[in-house]
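Have a look at the structure below, then the notes.
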Amino acid sequence: MRTPRFAKIIVVFLIGMMLTQLLHACSSGSRAAEKTRLTIATVNNGDMVIMQELSSHFEKANPDIQLRWVVLEENVLRQRVTTDVASQGGQFDVLTIGSYETPIWARRDWLRSLNLPASYDVNDLLKPIREGLSNDGKLYAVPFYGESSMLYYRKDLFQKAGITVPEQPTYPQIKEWASKVHDPKNGVYGVCLRGKPGWGENMGFISTLVNTYGGQWFDMKWNPTINTPAWKEAINYYVDLMQNYGPPGASSNGFNENLALFSTGKCGMWVDATVAAGLLSNPKESKVYDKLGFARAPIEKYPNGSNWLWAWALAVPKTSKAPEAAERFIAWATSKEYIQLVADQNGWVAVPPGTRTSTYQNPNYQKAAPFASIVLRSIQSADVTRPAAQPTPYKGIQYVDIPEFQAIGSSTGQTIAAALTRSTSVDQALQQSQSTTERFMRHTGYIQ
């Protein structure tokens with residue numbers, strides 16, 4: 001009798017062990033299923049690519065959070081996140097947005113205000129960048145990188161041509177220098193500028209060009225001022241410069257395309273975002289890292305609005321399903337510790353620029369980034385409250401701080417791109433943009 005009874009005990013024991021293991025497996029699976037998943041919408045710029053590559057450090061330190069990346073081209077990103085946040089779609093937990101969208105979306109109650117810990121040191125953020133991401137004194141996004149605009153040029157080509165570049169060049173000088181270094185037979189074009197249509201692409205640069213030529217988007221009564229002498233002079237200059245000394249297919253080139261052209265030695269000059277300085281100075285990213293010259297963004301008649309102010313920033317939409325985890329991620333990705341991580345992994349020249357005072361005070365960054373002082377002065381001198389020679393009813397240098405500007409700027413960008421490809425004349429392009437914008441402003445009630 002003992003043997004069968006003992007066997008039954010063993011069987012019961014084994015069954016109990018199996019049930020325990022099964023329950024443990026189910027419990028582990030339940031805990032894994034409970035891991036918070038953050039969906040992050042971002043742009044395919046170089047600094048964001050580095051953020052994605054280093055995000056495993058965040059996941060290792062936060063094993064309860066899993067990151068999912070949606071990486072898009074700049075124009076596509078803007079369309080996707082705008083549609084999602086306006087429709088309350090809730091596809092994303094973290095948005096990559098800019099200085100234009102942040103205060104507008106905050107006023108519409110589309111974003112969560114941020115409650116960052118004291119260790120984050122909000123006051124270390126550069127004041128012009130921080131204020132541009134705030135509304136009513138509350139911070140609604142934190143900058144992943146900040147920027148103004150500046151001139152990049154090839155010192156070797158300029159030295160060969162006998163050109164000396166002052167710290168503050170002018171647009172007439174740009175045309176003269178472009179004519180001297182333009183060498184298409186050897187694959188070098190005098191100047192590269194944005195031509196891809198979009199309110200944040202070609203119009204980002206063109207707005208600053210118009211500003212310094214004495215133009216603006218609207219007068220104080222919100223009447224469009226596109227079909228005016230200042231705009232005509234600026235756009236004729238732009239089209240003539242690009243058709244004579246720019247690369248072929250310029251109407252398809254935005255920031256990333258021009259970055260690729262310049263970094264591979266195909267541009268004598270480039271006027272664009274200061275964030276490119278670190279990328280162009282990085283031997284891993286650029287063939288011309290040791291041939292770079294830097295100067296302030298060119299001016300013409302007026303200095304107002306000749307250099308822009310922008311930040312690509314991370315924000316949490318009100319529709320996020322995991323707002324606390326999302327805020328934890330954006331605090332990590334824009335922290336002093338993250339900047340040190342990038343420096344350790346990729347070198348100081350690769351750290352996100354234009355965000356923190358401590359970065360510009362760091363001797364390691366100053367040594368690695370000969371452009372740092374020009375970038376800092378450019379950011380600090382950009383005044384979004386005085387973007388033009390004449391008073392304006394809006395803020396913003398390379399944009400107008402009204403929700404309707406996305407449509408207006410993109411439409412105007414299309415007509416100017418058409419002028420660049422000679423599909424239409426400059427006069428026709430500006431007249432069409434003027435008429436379209438007037439109708440739009442009347443329809444939306446800005447003009448009575």
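Starting from 1, each residue takes its place in the sequence as its number.
- Listed by first and then second residue, the disulfide bond (SG atoms under 2.5 Å apart) pairs involving residues 85-132 amount to none (not counting sequence neighbours).
- Comment: E438 does not engage R442 in a salt bridge, judged by the lack of any side-chain N to carboxylate O separation of less than 4.0 angstrom.
- A368 and W348 get closest at one heavy-atom pair: CB-CB, 3.8 Å.
- The main-chain N or O of D47 is never found under 3.5 Å from a side-chain atom of N45 such that the two would form a donor-acceptor pair.
- Here the shortest heavy-atom pairing between P247 and N253 reads CG-ND2, 4.0 Å.
- Sorted by first and then second residue, the disulfide bond (SG atoms under 2.5 Å apart) pairs with a member in residues 242-350 read C192-C267; sequence neighbours excluded.
- For the pair I408 and V400, the minimum side-chain heavy-atom distance is 4.5 Å or more.
- Judged purely by atom type and a 3.5 angstrom limit, N258 uses its side chain to pair as donor or acceptor with the backbone of L193.
- Residues forming a side chain to side chain contact (heavy atoms under 4.5 Å, CB included) with S378 (at least two apart in sequence, or on another chain): S148, R296, N307, I374.
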Exercise for the section: Evaluate the salt bridge (charged side-chain N to carboxylate O under 4.0 Å, His left out) criterion for residues E101 and R108: first the C-alpha distance (whole Å), next the side-chain angles of each, then the deciding distance (0.1 Å), finally the verdict. Expected result: CA-CA 11 Å; E101 296 98 340; R108 293 189 167 193; over 6 Å; no

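- With contacts defined as side-chain heavy-atom distances shorter than 4.5 Å, the pair V142/L133 does not qualify.
- Atoms CG and OG1, on L125 and T334 in that order, are 7.0 Å from each other to the nearest 0.5 Å.
- K395 meets the salt bridge (Lys or Arg N to Asp or Glu O under 4.0 Å) test with no other residue; sequence neighbours excluded.
- With hydrogens and angles disregarded, no donor-acceptor distance shorter than 3.5 Å links the side chain of N62 to the backbone of I65.
- In this structure a side-chain-to-backbone donor-acceptor pair under 3.5 Å is missing from N44 to V49.
- Here salt bridge (Lys or Arg N to Asp or Glu O under 4.0 Å) pairs that include residues 243-254, with residues two or more places apart or in two chains, number zero.
- Remark: Q390 CD is loosely packed, at most 12 non-hydrogen atoms of other residues, nucleotides or ligands lying under 6.0 Å away.
- The backbone N or O of A429 sits nowhere less than 3.5 Å from a side-chain atom of Q432 that would complete a donor-acceptor pair.
- Judged by distance alone, with hydrogens and angles left aside, the side-chain atoms of N202 form a donor-acceptor pair with the main-chain N or O of G413 at under 3.5 Å.
- Identified under the disulfide bond (SG atoms under 2.5 Å apart) test for residues 306-360, with sequence neighbours left out: none.
- With contacts defined as side-chain heavy-atom distances shorter than 4.5 Å, the pair Q173/T170 qualifies.
- Annotation: side chain of R68 is not in contact with side chain of L38 (no heavy-atom distance under 4.5 Å).
- No donor-acceptor pair under 3.5 Å is formed between the side chain of N346 and the backbone N or O of A350.
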Handout entry: Residue pair V70, T42: steps toward the side chain to side chain contact (heavy atoms under 4.5 Å, CB included) verdict
Key = CA-CA 6 Å; V70 179; T42 195; over 6 Å; no

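- Sorted by first and then second residue, the salt bridge (Lys or Arg N to Asp or Glu O under 4.0 Å) pairs with a member in residues 332-346 read D121-K336; sequence neighbours excluded.
- Applying the ring-ring contact (aromatic ring centres under 6.0 Å, His included) test to residues at least two apart or on different chains, the pairs with a partner in residues 81-103 are Y100-W199, Y100-Y399.
- Figure legend: R154 and Y289 shown without cation-pi pairing, the cationic atom not lying both under 6.0 angstrom from the six-membered ring centre and within 45 degrees of its axis.
- The salt bridge (Lys or Arg N to Asp or Glu O under 4.0 Å) contacts involving residues 317-326 comprise D109-K318, where partners must be two or more places apart or lie in separate chains.
- When ring centroids are compared, F58 and W332 come within the 6.0 Å threshold.
- The two residues S251 and P197 come nearest to each other via the heavy atoms O-CD, 3.6 Å.
- A donor-acceptor pair under 3.5 Å is formed between the side chain of Q366 and the backbone N or O of Y360.
- Under a cut-off of 6.0 angstrom, the local environment of OH in Y302 is sparse, with at most 12 non-hydrogen atoms contributed by other residues, nucleotides or ligands.
- Among residues at least two apart or in separate chains, salt bridge (Lys or Arg N to Asp or Glu O under 4.0 Å) pairs with a member in residues 223-239 are E233-K301.
- Between K175 and D240 there is a salt bridge, since a side-chain N of the basic residue sits under 4.0 Å from a carboxylate O of the acidic one.
- A centroid separation of less than 6.0 Å is found between the aromatic rings of Y338 and F144.
- With contacts defined as side-chain heavy-atom distances shorter than 4.5 Å, the pair L309/P128 qualifies.
- In this structure, T421 contributes its side chain and A418 its backbone to a donor-acceptor pair below 3.5 Å.
- Pairing each heavy atom of A295 with each of E167, the nearest pair is CB-O, 3.6 Å.
- Other residues, nucleotides and ligands contribute only 12 or fewer heavy atoms inside 6.0 Å of the CZ atom of R386.
- When all heavy atoms of A41 and V81 are compared, the closest pair comes out as CB-CG1, 3.8 Å.
- Between Y171 and Y237, the ring centre distance stays below 6.0 Å.
- No hydrogens or angles considered: a donor-acceptor pair under 3.5 Å links the side chains of S435 and Q431.
- Atom CG of D290 has more than 12 heavy atoms from other residues, nucleotides or ligands within 6.0 Å.
- Between E73 and R78 there is no salt bridge, since no side-chain nitrogen of the basic residue lies less than 4.0 Å from a carboxylate oxygen of the acidic one.
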Result block: side-chain N/O donor-acceptor pairs under 3.5 angstrom for residues 203-211, not counting sequence neighbours:
unit_1	atom_1	unit_2	atom_2	d
S207	OG	M203	O	2.8
S207	OG	W217	NE1	3.1
T208	OG1	F205	O	2.5
N211	ND2	S207	O	3.2
N211	ND2	G305	O	3.3
N211	ND2	P387	O	3.3
N211	ND2	I397	O	3.2

Exercise for the section: Go through the steps to decide whether Y245 and W177 satisfy the test ring pair (Phe, Tyr, Trp, His ring centres under 6.0 Å), and finish with yes or no. Expected result: CA-CA 10 Å; Y245 308 117; W177 299 337; over 10 Å; no

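- Under a 3.5 Å cut-off, the side chain of Q216 and the backbone N or O of A388 do not form any donor-acceptor pair.
- Applying the disulfide bond (SG atoms under 2.5 Å apart) test to residues at least two apart or on different chains, none of the pairs has a partner in residues 94-160.
- Annotation for G90 and T319: closest pair CA-OG1, 3.6 Å, computed over non-hydrogen atoms.
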Exercise for the section: Under the side chain to side chain donor-acceptor pair (under 3.5 Å) rule, what do W308 and E147 come out as? Steps first, then yes or no, please. Expected result: CA-CA 8 Å; W308 70 59; E147 64 185 31; 3.3 Å; yes

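- Two residues are said to be in side-chain contact when any heavy atoms from C-beta on lie closer than 4.5 Å; S263 and L279 fail this criterion.
- For the pair P370 and F294, the minimum side-chain heavy-atom distance is below 4.5 Å.
- Using cut-offs of 30° and 60° on the angle between ring planes, the pair H182 and Y189 is tilted.
- For Q168, the CD atom counts as densely surrounded, since its 6.0 Å shell holds more than 12 non-hydrogen atoms of other residues, nucleotides or ligands.
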